[in-house]
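Shown next, in structure tokens, is the structure this report addresses.
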Protein chains: 2
Amino acid sequence: MQKNRNNNSIIEICPIRNIVARLGTKWALLVIVILSEQEAIRFSEMCKLIPDISSKVLSETLKTLEADGLVTRKVYPTVPPKVEYSLTDIGHSLVPIIQELTEWALKNMEAIMNNREKFEKTGKHEDK
Amino acid sequence: MQKNRNNNSIIEICPIRNIVARLGTKWALLVIVILSEQEAIRFSEMCKLIPDISSKVLSETLKTLEADGLVTRKVYPTVPPKVEYSLTDIGHSLVPIIQELTEWALKNMEAIMNNREKFEKTGKHEDK
DNA sequence: CTGCATCCTTATGGATACTG
DNA sequence: CAGTATCCATAAGGATGCAG
């Protein structure tokens, strides 16, 4: 955290940074995309769809998205418990932008990868 | 980094994640936006425009963007040295998407902030 | 089934000082 | 001027176990 520069910092008043900081976490966008593809999905289903994620990290991701109001969490007080997640309207409104970003990524990925390789080869970037 | 799961992981084959991982760093998008607003800009100018960033982090950010081919670095072999940074075509092509993301953020920021506050207060999700 | 409690490793960012 | 070199603090992510 910054110390006592709570108003002048360009980054603090920058809304985009605030948003991207959340969406830039490792799994957030993927979770949103998965949620956008179905009405609702259970926690365990999501775990299966993303094999590499631990339940701890998944629940953290979902909780953050829920806190931001992008995701809804619905609990069915059954035994065993059943919890369904779905996108809110705000969450849905983000999907097209993610799609554009995905298209951009797909379109430019090859060039980017080539560039990275070339860049690293020239020794400009350190490798340890 | 992952260990030896270089093919099965959904996240590894996900191009979007790869991209967002870079753009999601603290200053990357801001740097791109600043670069998009001028033809070229010197390192020291950039430092002044982002008072909170250290030169180390700025140069790291720029180096990563350069490695990806989003930013060009042009060195003038003068004394003292002069280095100018500017966006490449690929870099420019990303700007509209960033703008959309910014608009989305501005539009939904209030709702998001309200939700966060409410969420933190209740400790859990809100009551309807 | 859901997901928190722990503990741990690593990546990111920052402060400061110092060169070509 | 344009960075690097260190050293350090913190946060993100992951592994495992257990509880409601």
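Chain A is the first sequence line, chain B the second, and so forth, proteins listed ahead of strands; every chain is numbered from 1.
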How long is the straight-line distance from CG of B:Leu94 back to CD1 of B:Ile97, given to the nearest 0.5 Å?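 Result: 5.5 Å between the selected atoms.
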Tell me what A:Ser55 touches on the nucleic acid: a base, only sugar-phosphate, or nothing, going by heavy atoms under 4.0 Å.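 It contacts base atoms.
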Of B:Lys48 and B:Ser59, whose closest DNA chain D nucleotide lies nearer the 5' terminus?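 It is B:Lys48 whose nearest nucleotide is closer to the 5' end.
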To the side chain of A:Val57, which of D:dC1, D:dG14, C:dT2 is closest?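 Nearest listed nucleotide: D:dG14.
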Between D:dT4 atom P and B:Phe43 atom CZ, what is the distance in whole Å?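 Answer to the nearest Å: 8 Å.
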Nearest whole Å is fine: how far is C:dT2 P from A:Leu58 CG?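 In whole Å, C:dT2 P lies 10 Å from A:Leu58 CG.
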Taking DNA chain D as the partner, which of residues 78-87 of chain A come within under 4.0 angstrom of it by heavy atom?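 Within this stretch, A:Pro81 sit under 4.0 Å of the strand.
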Can you say whether a donor on the side chain of B:Lys56 sits under 3.5 Å from an acceptor on the base of C:dG14, or the other way round?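 Under the 3.5 Å cut-off, the side chain and the base do form a donor-acceptor pair.
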Bending between helix ends of the helix from C:dC1-D:dG20 to C:dG20-D:dC1 [5 pairs per end, 10° resolution]: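 Result, rounded to 10 degrees: 50°.
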Tell me which donor-acceptor pairs under 3.5 Å the side chains of residues 83-90 of chain B have, and how far apart each pair is, sequence neighbours excluded?
from, atom 1, to, atom 2, distance (Å)
B:Glu84, OE1, B:Tyr76, OH, 3.1
B:Tyr85, OH, B:Arg73, NE, 3.2
B:Thr88, OG1, B:Gly69, O, 2.6
B:Thr88, OG1, B:Leu70, O, 3.2
B:Thr88, OG1, B:Ile90, N, 3.4
B:Thr88, OG1, B:Gly91, N, 3.1

Results of salt bridge (Lys or Arg N to Asp or Glu O under 4.0 Å) for B:Lys74 - residues two or more places apart only: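 In terms of salt bridge (Lys or Arg N to Asp or Glu O under 4.0 Å), with neighbours along the sequence ignored, B:Lys74 is linked to no residue.
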For a quick test of your reading: what N or O donor-acceptor pairs under 3.5 Å do the side chains of residues 100-111 of chain B make, sequence neighbours left out?
from, atom 1, to, atom 2, distance (Å)
B:Thr102, OG1, B:Ile98, O, 2.7
B:Trp104, NE1, A:Ser93, OG, 2.8
B:Asn108, ND2, B:Trp104, O, 2.8

What residues join A:Val79 in its hydrophobic cluster, counting side-chain heavy atom gaps under 4.5 Å, either direct or through other members?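 Once heavy-atom contacts under 4.5 Å are chained together, A:Val79 still belongs with nothing else.
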